[in-house]
Every structure is written in structure tokens, then in C-alpha cells.
Amino acid sequence: MTTIAIKFPDGNTREYPKGVSGLDIAKSISNGLLREALAVEVNGEVWDLSRAINTDAQVRILKWNDIGGKDTYWHSTAHLMAEAVESIFPGAKFGVGPSIDAGFYYDIDLGGHTLSPEDLSKIEQKMLELAKGDSQIVREEKNWEDAITYFKKKNDSYKLELLDELKGQIITFYHSGKFTDLCAGPHLPSIGKVKAIKLLSVAGAYWRGDEKNKMLQRIYGISFPTQKELDEYLFRIEEAKRRDHRKLGKELDLFVFHDIAPGAPFWLPNGMIVFRELEKFLRYELDGSGYQEISTPILVKKELWEQSGHWDHYKENMFYFEHDDATFSLKPMNCPESTYVYRHRMRSYKDLPLRYSEIGRLHRNEISGALGGMFRVRQITMDDAHIYCRPDQILDEINSLILLVERFYSIFGLKPEYNLSTRPEGAMGDPKLWEEAESGLMKALEHNKIKYNLKPKDGAFYGPKIDVQIQDALGREWQIATIQLDFVMLPERFELEYVAEDGSRKRPVAIHRAIFGSFERFMGIITEHFSGSFPTWLSPHQTIVLPITDSHIEYAGKVYQALKNAGVRVELDDRNEKVNYKIREWEMKKASYMLVVGDKECNSNAVSVRQHKKGDIGVMPLDKFVDKILEEINLKTLTI
RNA sequence: GCUGAAGUAGCUCAGUGGUAGAGCAGCUGAUUCGUAAUCAGCAGGUCGUGGGUUCAACUCCCACCUUCAGCUCCA
């Protein structure tokens, strides 16, 4: 019998007979591992545990905590769901059914039937029933012609279309129970490992993501090895919904939306306090970083967009109308207009870099289905800036931009994820310039020890970019900051020039950048990030003074005035209510501090301090509290 | 834009063809109170909008608007 050498992650190597399976290997190590094993990684590829290994290999047994393990688990659950759907709705046709970050989905064509919530629970029940049967999941290799014959017989046009692209390759089928699917795998050895299942939602999804194709019904679900883990997951989802900015925005009177202005918020006084603090912080930082603030018109003639290229490429996202024989549009971006500031006089190489910042109000006609709370609006307040510099200044500028971004996010305790996008197909400009720029961006990121994901060919048509992404409460990703190099759109199309040292005319490079992305989206993100409990510097209610009875109102007024004079946002709650009542109310409004004042405090010039989420933190002299809160505000201390 | 779901008092929600309901918030009064809800009373609605069916529509039908989930798009 021939043997093969299996190398493990810890570096050990063991001999096994040729054709050994992951299952055999797990069993040879321990029963515990056998129980937990879901899949096996063979030379970096995830395989079925039951698949025979015929050559020397680097092997790792994948468990629930491994991404490959979870993927396999969820993918198999998707097949289980398909089996249940097929048994309840005979003749159902299946699109694709992969695992996703959290769970799985399957796209299904049920002819005329629309799935209802009742159908989902019926399918769920059926799945649990089938899982108990613990049928084996069997992998089968087929040649292409046989695969075609199978799905022709089943009349499944979707699978036939998928097969079309796999012509000539070895096709794999997976059989689980009565369900057979075209699938690359891998899968669990048997379906009984799936113990707890929840089908979450059903939504339309175009076949292959193309709106010209038929819309299939997509069922989303998730599964776990134990009911406890499922319950915990569902609880986390509920938690996330509780911190949804749309809910908190309403509860905390930050902003509201109204039918009368779809996709545009009405900022309420409390929301405007946060907005203004963000603006103040931004302006302070930019003033210290060599920026000059500009403001350009919201309503401009379409000729501008023709010149910038937006009229050709972005018109469907723009609002425009006729007036006095001209077409006017609301600006969807600030960049083209910033060139008018650059061009308003002759620029010397000594003037560069010119850093123009603009808090600009933009309007973009997002399609109705894309709108969503503050995360996707039609009216956007952008913290934009355009830096015009010489090519030899790019690296320095990018470097300081990265530092700026890092500093901003650390203030909020946000952990951003960086993406570097490179030259797309059909990009404009000299490829050599692109390469230099891309490696410049990489160098700047690496210099600052920043990890990033490379997104090849995902850059703008005019230059490469660094995007910063962040996840919302529900795990959806949103882009916030962006740093984009531009050799073409602004410099070329608007014929920007500077006079070089030798008197010749040269073309500057433009850098487009935003840090918050937009005030709206950023507001949504930090509302969820802080669950509405903003750090004191941002908090709409920094301090509330609570006199216990009418006899303490006079002293409470002094406390109020002292804080007011110190520049703290303070409110005096002298309503005729019990202290408990007021505390509950302000706690729900997430006020940072409450100062309870009664006889004791009146007599000693003190305040009894209650901090949001922490409760009573004791009595302290009024002066000391003023110092404490001012320090917290000035240092922008994180209070979560 | 597409598929599905939803829209009832300021908010959260009940109400399956026969006189629109609750809790909270609001207002008035009483209560003067030490770290998450004091009590009582009052007021509050063109049931998203517009049509239709019916003796009668919040309820059934049609169209539209908005929101939500997802798809798609994102210079």
C-alpha cells in the first residue's frame, strides 16, 4: 500500500495511506476533532471531508471557527433548503445558492408562486425534519454531456446556462437526500450536523444580477450547530436594530424625514448641534493643515458638466431644469467648480500645493429604491477638498492626508478599512503616470503601517484612489473617506496650468478627498457606532441640572450659569416632577451628565454627579466638575 | 427603476364590511419629592393620497406617493 505525507499546520508530518479522507485524518487525531470537523483545507483549497486525498499535501481540518468551515456548513444548509423547497414546491427551478458572510441564500424560480412568511416557516420545518434524517452528501464527478442531459431532463434552464460556461470541464454534482445540484462544493459529509436553522427573509434578485433577466425569489437564511448560537445571533440582530440610526435619530430628535422631501433629512436642533460640532472640528483641523475654505454655487449651467464629462456619464443622477433658454442643474459634485477658483488667476509653482476645502451641499438623483435613512440620501453635505499640486508633491500630500484620516477616525474610535483601487479598463492618461501614482499610494499606506485591500481595476477613470470603508450596525459596508488622484478630469478638461520655475506652463495634479464622506452618512454611522450615546463633546445634552425641590431652584440656577459661562451646553430642569422621573427621562435622551442638587449641595457649593450609563459618581465641588467636563470636551474624550 | 412587505393620534402599536382604540408623549390640576416612570382629569384622527365597488369602506378593488428588505447602480 502506498502512503502519502500529510503535513499539518503545526509543522508535523504524518504518513497516511493514499486515498485517505479528511474524515479519516480527523479521526486519527481525536474524536473531539472528528465531531467538530466540517471540511478540510488541502493545499489551500477547501475540500469535502469525505474526498480522497491522493498526493502529499498540506492539510488543515476546518471547524466552525474557520471561515472555510462556516462556508461549507452554510453552503450545505442552502442545499438542504433547496431540498425542502423542492419537496414542497415540485418543479422549482434553482439559480445559485452560495454561502455569504453571515448565512446563505438560494435563488429560486417557483413559476407563479410568491413566497409568503408562512411558506418560509413551512420550509424551515421541512429542513429541520430532513436534517434529522442525516443523509450523506455525496460528491459525484460527471462529464459535461451527462450533466447537460440531467438538467435538460429536469428542464432547469438556469443550471443549463451555468453549464454553458463550464463546457469541457469535469462537472461535479452533489447529492443530498433527494436533491441533486450542480455545485463545485465543498459540503459537509452529512446534513445532520445542521441543528438550528432560521430563514430570515425573502427578496427579489435578478438572475445573475442583471436587471434585464428574470427576477428570482431569494431566500436568505442562517444556520448553527446549536440552538443557543442561533438564539444569540438573532439577539444580536435585534440589538443592531435597536441602534439603527433611523430609530435613534427619531428618538433623540436628531433628524427626521418627510414624504415631502424624499431622500433629504430635516436636521432638528439636536442633530444640528452634532453637525456643528463636526463642522467645527473639521474646520479647526483643516485651518491648521494649510487648507483654504471656499464655497461654490449650487445651481450652475449644464455647460460646466459638459466640460467635466458628467453630462455624458452622470446625467441620470443629476437634477436639472430649463430656465431662460438655458439648462441649469443642481451640482452633484463640487470638483468642477473648484477649478474656477484655481483658474481665477495665474498660478505659480510657488503657490502649490493649493488646498481648497468646501462644505458643499450636493444633490444626486439616486433611484428611489436606493434611498435609505442617512446612509443614502439625495441631498448630501460633503466635506470635500481639492488639492492642486505639482507631481513631485503628490507623495507628501497623500502622506499627510492619510495621517489626517487616521487622526479623524481615532477621535471617534472608528476602525476604518482601507482599499486601494488601481487602473480600470479604458482609463484615461499615461499608463506610466498611473503606475507611479499607484506605487506612490502604496508607499504612503505602507509608510504609515496601514493594512489595505488591493482592488485591482477599481479606480476612477481619471486616477487611482484610496477608499475608507466602515460597517454599519447591521454589518453592511459603507464608504466614507476617499482620496483620489486625478490627472485628467480637472487638470486636462479644465486646462489647468501653473508657471514652472523655468517659465514654462505645466499641468498640476488634482487630489479629490473627503474625510467624513458626507455629513449625513457620517452622522448615521456615528449615531449607530455610539448607539446614540455621543461622547460629551458631541452630545446635544452635555449637562442637566436637577434641583430636588423648589427650594433648590435658586442654587441650581447658579450651577446652570457657571456651566453656561464656561461654554458648556447645559439645561436646567426645574419642572415639578420627582427626581427619579427626570433622571429616567434624561437618561433615555442620553444626556452626558446630570447634576442633582439638594440641601447638601446648596450648603457646600457642590453638585452630585450622575454620568450617563455609569450612574451616580458622587458629590464634587462645582468648580471641579466644570474643570472635569471642560477637559473631557476639549480632549474629545471617548466615553463609551 | 425592479420584486416583496408596510403606511391608523407626535411616537409605538391594536382594530377582517356596521358610530376609530390603548400605552407613552402633550395640556390642566393636585403633589415638594435624593439617582431610571406620583396621582387624577382633559384634549388629540379626512385611518398615506386619489378614484372605484357597496345601503355602508380603516377593512374589498385600481392607480399613485412614501418607507422598509433585497436586487441593481454609484465619477
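Here the structure is a predicted model, which means the values were calculated and not measured. A note on names: the letters A, B, ... follow the listed sequences, proteins ahead of strands, and every chain is numbered from 1.
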Validation row: [X], [Y] side chains within 4.5 angstrom (heavy atoms):
X	Y	answer
A/Ile294	A/Asn334	no
A/Gln379	A/Leu362	no
A/Tyr158	A/Leu216	yes
A/Lys590	A/Ser533	yes

Measuring to OP1 and OP2 of [N], would you say a side-chain N or O of [X] lies under 4.0 angstrom away?
X	N	value
A/Ser201	B/G70	no
A/Lys214	B/C2	no
A/Arg376	B/U67	no
A/Tyr581	B/G34	no

Among [options], the one nearest [X] by side-chain distance:
X	options	value
A/Asn580	B/A37, B/A75, B/U12	B/A37
A/Leu371	B/G1, B/C71, B/U67	B/U67
A/Met489	B/A75, B/C33, B/C11	B/A75
A/Asp599	B/U67, B/G34, B/C71	B/G34
A/Lys250	B/G34, B/C11, B/C71	B/C11
A/Arg246	B/A37, B/A69, B/U12	B/A69
A/His310	B/A36, B/A75, B/C71	B/A75
A/Pro262	B/U3, B/U66, B/U72	B/U66
A/Glu601	B/G34, B/A75, B/A36	B/G34
A/Met333	B/C33, B/A75, B/C71	B/A75

Counting any heavy atom closer than 4.0 Å, what does [X] reach on the DNA or RNA strands: base, sugar-phosphate only, or nothing?
X	result
A/Glu366	nothing
A/Arg218	sugar-phosphate
A/Gly309	base
A/Val596	base
A/Lys582	nothing
A/Tyr220	sugar-phosphate
A/Gly263	sugar-phosphate
A/Gly598	base
A/Gln611	nothing

With both distances kept under 3.5 Å, what pairs with [N], Watson-Crick or G-U wobble?
N	answer
B/G4	B/C68
B/U16	none
B/U53	none
B/A75	none
B/A36	none
B/C42	B/G26

Rounded to whole Å, please give me the gap between [atom1] in [X] and [atom2] in [N].
X	N	atom1	atom2	value
A/Glu577	B/C39	CD	P	11 Å
A/His245	B/U67	NE2	C1'	13 Å
A/Leu304	B/A75	CG	P	18 Å
A/Asp467	B/A75	CG	P	10 Å

Legend entry - Donor on one side chain, acceptor on other, A/Tyr206 and A/Arg208, under 3.5 Å: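 Short answer, no.
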Inset, instruction - Would you mind telling me which residue lines up with the more 5' stretch of RNA chain B, A/Leu216 or A/Ala261, judged by nearest nucleotide? - result: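 Looking at the nearest nucleotide for each, A/Leu216 comes out on the 5' side.
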Legend entry - Residue met sooner reading RNA chain B from 5', once A/Glu585 and A/Phe257 are mapped to nucleotides: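 Result: A/Glu585.
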Inset, instruction - Take atom CD of A/Glu554 as the centre, draw a 6.0 Å sphere, and report whether it contains more than 12 heavy atoms from other residues, nucleotides or ligands. - result: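 At most 12 heavy atoms, drawn from other residues, nucleotides or ligands, come within 6.0 Å of this atom.
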Legend entry - Heavy-atom neighbours of A/Lys198 NZ exceed 12 at 6.0 Å: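 Check fails, neighbour count at 12 or below.
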Inset, instruction - Establish whether the base of B/G70 is bridged to the side chain of A/Tyr206 by a donor-acceptor pair shorter than 3.5 Å. - result: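 Per atom types, no contact qualifies.
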Inset, instruction - Report yes or no: is there a donor-acceptor pair, N or O only, under 3.5 Å between the side chain of A/Arg610 and the base of B/A36? - result: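 Side chain to base: pair found, below 3.5 Å.
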Legend entry - Test item: A/Arg378 side-chain N/O and A/Leu371 main-chain N/O as donor-acceptor pair under 3.5 Å: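 Looks like no, no N/O pair under 3.5 Å.
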